[in-house]
J.: 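I'd like to ask you about the structure that follows.
A note on names: the letters A, B, ... follow the listed sequences, proteins ahead of strands, and every chain is numbered from 1.
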Amino acid sequence: IHMGHVRNYSIGDVIARFLKMRGKNVLHPMGWDAFGLPAENAAIQRGIHPSEWTRKNIANMRVQLKRLGLSYDWTREVATCSPEYYRWNQWVFLKFFEKGLAYRKLSNVNWCPECATVLANEQVENGVCWRCDSIVESKELEQWFFRITDYAEELLEWTHKLPGWPEKVLIMQRNWLGKSVGAEVIFNIVDSIETIKIFTTRPDTLYGVTFMSLAPEHPLVEKIASPGRLKEVREFVARIKAVDKRKREEAEKEGVFTGAFCVNPLTGDKVPVYVANFVLMEYGTGAVMAVPAHDKRDFEFAKKYSIPIRVVINPIEKALNPDDMKEAYIEDGVMAGSSEWNGMKNTDAFPKIVELLEKKGFGKRTVNWRLRDWGISRQRYWGCPIPIIYCDCCGITPVPYEQLPVVLPEDVLITGKGTSPLADASFANVECPKCRKPARRETDTMDTFVDSSWYFLRYVTPHETSKPFGKDEVSRWMPVDRYIGGIEHAVLHLLYSRFFTKAMRDIGLLSIDEPFKNLLTQGMVCKAFMKCPEHGYLSEEEVNGEKCGECGKEVTIGAVEKMSKSKKNTVDPDGIILRYGADTTRLFSLFAAPPERDLDWNIDGVEGSYRFLGRVWRLVNENLDFIKDVKPCGGDPGLTGFLKDVRRMTHSTIKKVTGDIETRFHFNTAISSIMELVNRLYQWEGGMNTDLEKRVFRESIEAVVLLLSPFAPHMTEELWESLGNKSRLYETPWPGFDPEAVLTDEVTLIVQVNGKVRSKVSMPAGSGKDEVEAMVLKDEKTMEWTGGKGVKKFIYVPDKLVNIVV
RNA sequence: GCCGGAGUGGUGAAACUGGCAGACGCGCGGGACUCAAAAUCCCGUGGGAGCAAUCCCGUGGGGGUUCGACCCCCCCCUCCGGCACCA
């Protein structure tokens, strides 16, 4: 495990332990998302079988997690690579297939040559593979897809109904879904039976179309190019296709005239058809109507090739002159040069023009999404087999439910190169379940994101053998009340899981709409990296003082960044646990920053958390003789002075810590207020002689131990026992605060004159404005600033502050 | 380019609803204990002026609203994250 895990699971464990002490029935499970490329690659590299590699890692990580004292219910442990689990993956796949939610199609897919597999759109970042950074290629393959686009509208709608999610994640999902409302428009081609279909979000600019542009990959390019221009067009297309996709974005806009013209359906104007490098085949229809006056890219292109610019929308204040325009006018405005629509606001003309197109049969209102269907086929070994059989007679045939699971065979040659390893295995040859003739199994495996899209449901009934999960139990527990994870899941796992939940609901497996009610995205654990000019990145062990341990050269300290093995700025949790203990490790990971913020790893800070726990340990043990056999003070009307003050602080700390954990998850401030209470107890005044003194001290000590227990469960359990308590600490109710004890009789009022703090006065709590005014105006220090000047205004914030305006 | 988020001491960070800016921790300075060290305990610690009481300045920069702004509004700068020839 790495420090990010420690932080993530510490957060979860504090919440789980806290809620358990608050009397809740808490389901706090752990499992292993164990299939996948990284595991397969690592195993190949080490020359061992992925299943062995995975088993060893799970065993190792389980030990590490137990060492941290995480309160998981290990009886519910699941691993996605076990047949008992993935059997239900296959079951769900078949249900999706029955409903038409899983389908097979030939398509251009993202292909990573290094990983030798297809990637989902979500797994391509900036044109490179999210795992190995190779440039992703486009390949035409038969693939299985999940129809996530069927749920695009609902997925979008619910981003507005998840108040327990961070706004940032919801916005990222909305962007990813990418809804665009516009119109599809058909342009006839002159002297051809072919037509060009385009998508536009600006049908209001239709009268300003002065050319048409097609993507280089567009199938019409070959068909409509005039014989005289075909050679040049082909050369251009070949040249653009050769440019890798990342570079295309930065490239200057360019294109080539096809020799063909198309007809504007509303104006009848003939406009030239170009092939252009900036048109994407993947979005919309791969063809764009070009309106240079009102689109940035079209403007640039038109300027370059001297194509006319027609203004059809003017800003309210003035009419645009195409010859003077320096850039496209993309704002709203007033229609011009658009026959009957002239003078109208463009936003009003928008629907009317779409209506006209519909009437004439040249188009319709449409919604376009950025979201594509989810390609789930992977040409790799270490994954869940897709339960499908291909038969020459019967075609695509699902494996019958009673034959599940389709077990992933172990005796397979795994090279990580070429085609699916399963294709060569005896695994592939099978009898068709329908006609009994020889047939072939699907040899691709599923994307691992399928495995993790519903695992949380499995925790509810992890040993169920007749169905993926018990429906009643799921309705009782789900949705997940607290989900904690990194922001990197914002558009992958978190979107897929939402889709799965909705799809499973529609199949009748579930009755919830969303999987996760509240989401906490925790920040990354970061550390400064170190670099030697000669030997590159160095780990802490490789640095000697500030010099490279190898060559003795001065080491440069780099920026504080996410811990990563490649930058060698990682910290091994095991080492920290060994040296400082699990409680310190947990405490520091929560104390240094609030959970959603990035955490700077700092060993001095760890030292501080360790010292604090030592302080608590000594505070209890050194006073044990005094308080061992007394009962905690439960509210005594006779309390005065210091004792009363300690009790007040104890109860306000209980109040504060409870609130911080329960509503804000700000564990850093919760811990700091426990520290304040401990500091106060170290300043104990008087003695430990009377029964009352002992009882007040005991009450405070018990509060400290209880409040600290979710953070540092091991040490506090020991202390709890030392105090003579019979209950196990983790089963002891969370302390409540006494509202009476929290009240103060005297408050210190801040006195401001003209907004500046000039004095402080002590007043009985709950004093009225008149008494306060009378008192404050007599205060000596205040009079130095108000003396002789007339009081214009007297502001009183009860029990807090007054501001005198003179 | 578009959409988010952030900017506070030497440092990690507090300030929850517009009300004492810097809680708590680290570091640093001083003291106690000790033959000595470590550990521990106590005191101090935003900047400037002053013997001091005290005063002035201070939350990226500039303006505004307000009795009062780290917090709300407008403009700008910097950093981080996401998306991106999205038609």
J.: So, does the side chain of A/Asn803 form a donor-acceptor pair with the base of B/rC67 at under 3.5 Å?
T.: yes
J.: Looking only at atom types and distance, does a side-chain atom of A/Arg372 sit under 3.5 Å from a main-chain N or O of A/Trp369, one as donor and one as acceptor?
T.: yes
J.: For A/Tyr796 and B/rG68, what is the distance between atoms OH and P respectively, to the nearest whole Å?
T.: 21 Å
J.: Ignoring the backbone of A/Ala593, work out which of B/rG82, B/rG25, B/rA13 is nearest its side chain.
T.: B/rA13
J.: Look at A/Arg370 and B/rA84 and indicate whether a side-chain polar atom (N or O) is within less than 4.0 Å of OP1 or OP2.
T.: yes
J.: Check every atom of B/rC83, B/rC85, B/rA87 against the side chain of A/Lys253 and return the nucleotide holding the closest atom.
T.: B/rC85
J.: Which residue, A/Trp601, A/Tyr610, A/Tyr580, forms the ring pair (Phe, Tyr, Trp, His ring centres under 6.0 Å) with A/Phe588?
T.: A/Trp601
J.: Expressed as a whole number of angstroms, how long is the span from A/Ile330:CD1 to B/rG1:C1'?
T.: 9 Å
J.: Please report the distance separating the C1' of B/rC20 from the corresponding atom of B/rG29, rounded so that it comes out in whole Å.
T.: 26 Å
J.: Mind checking A/Asn679 for me? I need base, sugar-phosphate or nothing, with any heavy atom below 4.0 Å counting as a touch.
T.: sugar-phosphate
J.: Are A/Asn668 and B/rA14 close enough that a side-chain N or O sits under 4.0 Å from OP1 or OP2?
T.: yes
J.: Starting at the 5' end of RNA chain B, which residue's closest nucleotide do you reach first, A/Thr748 or A/Tyr283?
T.: A/Thr748
J.: Could you work out which one of B/rC57, B/rC16, B/rC24 sits closest to the side chain of A/Phe591?
T.: B/rC24
J.: If the C1' atom of B/rG60 is compared with that of B/rC28, how far apart are they to the nearest Å?
T.: 27 Å
J.: What integer distance in Å separates A/Leu590:CG from B/rC24:P?
T.: 20 Å
J.: For B/rU78, which nucleotide in any strand shown is its Watson-Crick or wobble partner with both distances under 3.5 Å?
T.: B/rA6
J.: For A/Gln752, which contact category applies under a 4.0 Å heavy-atom criterion: base, sugar-phosphate, or nothing?
T.: base
J.: In the structure shown, which nucleotide is the Watson-Crick or G-U wobble counterpart of B/rC70, with both distances under 3.5 Å?
T.: none
J.: Does a side-chain N-to-carboxylate-O contact under 4.0 Å join A/Asp779 and A/Lys781?
T.: no
J.: Need one value for A/Gly605: base, sugar-phosphate or nothing, where a base atom within 4.0 Å counts as base even if backbone is also close, heavy atoms only.
T.: nothing
J.: Separation of A/Ile487 atom CD1 from B/rG4 atom P, in whole Å?
T.: 15 Å
J.: Could you tell me which nucleotide pairs with B/rG1 by Watson-Crick or G-U wobble geometry, both distances under 3.5 Å, or answer none if nothing does?
T.: B/rC83
J.: What's the closest nucleotide to the A/Met675 side chain, out of B/rC56, B/rC24, B/rG19?
T.: B/rC24
J.: Picking from B/rG19, B/rC55, B/rC42, which would you name as closest to the side chain of A/Gln683?
T.: B/rC42
J.: Round to a whole Å and report the spacing from CG of A/Asn623 to C1' of B/rC41.
T.: 14 Å
J.: What is the distance, to the nearest angstrom, from the CD1 atom on A/Ile198 to the C1' atom on B/rC86?
T.: 13 Å
J.: If I take atom CG in residue A/Leu280 and atom P in nucleotide B/rC86, what distance separates them, rounded to the nearest angstrom?
T.: 8 Å
J.: Over all strands shown, is A/Val805 touching base, sugar-phosphate only, or nothing at heavy-atom distances under 4.0 angstrom?
T.: sugar-phosphate
J.: Considering every strand and a 4.0 Å limit on heavy-atom distances, what is the contact class for A/Lys179: base, sugar-phosphate, or nothing?
T.: nothing
J.: Identify whether the distance between the nearest side-chain nitrogen and carboxylate oxygen of A/Glu327 and A/Lys303 falls below 4.0 Å.
T.: no
J.: Is the A/Tyr274-A/Phe301 ring centre distance short of 6.0 angstrom?
T.: yes
J.: Let's see if you can work this out: which of B/rC83, B/rC86, B/rG19 has an atom nearest to the side-chain heavy atoms of A/Trp176?
T.: B/rC83
J.: Between atom CD in A/Glu282 and atom C1' in B/rC85, what is the gap in whole Å?
T.: 11 Å
J.: So which nucleotide does B/rC55 pair with, by the Watson-Crick or G-U wobble rule with both distances under 3.5 Å?
T.: B/rG48
J.: Scan A/Arg174 against the nucleic acid and name what it touches under 4.0 Å (heavy atoms): base, sugar-phosphate only, or nothing.
T.: nothing
J.: For a quick check of understanding: with a heavy-atom distance under 4.0 Å over all strands, which category does A/Trp785 fall into, base, sugar-phosphate or nothing?
T.: sugar-phosphate
J.: Counting only Watson-Crick or G-U wobble pairs whose two distances fall under 3.5 Å, which nucleotide matches B/rG18?
T.: none
J.: Got A/Phe794 and A/Val802 here, is their nearest side-chain heavy-atom distance under 4.5 Å?
T.: yes
J.: Pull up the glycosidic torsion of B/rG10 and say syn or anti, syn being anything within 90° of 0.
T.: anti
J.: Side chain of A/Tyr682 only, heavy atoms from C-beta on: which candidate in B/rA15, B/rC20, B/rC41 is closest?
T.: B/rC41
J.: What is the base-pairing partner of B/rA38, counting Watson-Crick and G-U wobble geometry with both distances under 3.5 Å?
T.: none
J.: So for A/Lys800 and B/rC20, does any side-chain atom that can act as donor or acceptor lie under 3.5 Å from a complementary atom in the base?
T.: no
J.: Touch check for A/Asp298, heavy atoms < 4.0 angstrom, all strands: base, sugar-phosphate only, or nothing?
T.: nothing
J.: Under 4.5 Å between any side-chain heavy atoms of A/Ile148 and A/Leu155, yes or no?
T.: yes
J.: Taking the side chain as everything from C-beta on, heavy atoms only, tell me whether A/Phe665 gets closer than 4.5 Å to A/Ile11.
T.: no
J.: Consider the side chain of A/Pro594, meaning its heavy atoms from C-beta on, and name the nucleotide among B/rA13, B/rC41, B/rC86 that approaches it most closely.
T.: B/rA13
J.: Check the surroundings of atom CZ in A/Arg664: do more than 12 heavy atoms from other residues, nucleotides or ligands lie under 6.0 Å from it?
T.: yes
J.: Rounding to the closest angstrom, what is the interatomic distance between B/rC73 and B/rG19 at atom P?
T.: 15 Å
J.: Kindly point out which of B/rU40, B/rC56, B/rC85 is positioned nearest to the side chain of A/Arg611?
T.: B/rU40
J.: Applying a 4.0 Å non-hydrogen cut-off, can you work out what A/Ile171 is touching in the nucleic acid: base, sugar-phosphate, or nothing?
T.: sugar-phosphate
J.: Among the candidates B/rC85, B/rC26, B/rC24, find the nucleotide nearest to the side-chain atoms of A/Asn277.
T.: B/rC85
J.: How far, in whole Å, is B/rU17 from B/rG12 if one measures between their P atoms?
T.: 24 Å
J.: Can you see if the side chain of A/Lys756 gets near the phosphate of B/rA69 - specifically, an N or O under 4.0 Å from OP1 or OP2?
T.: no
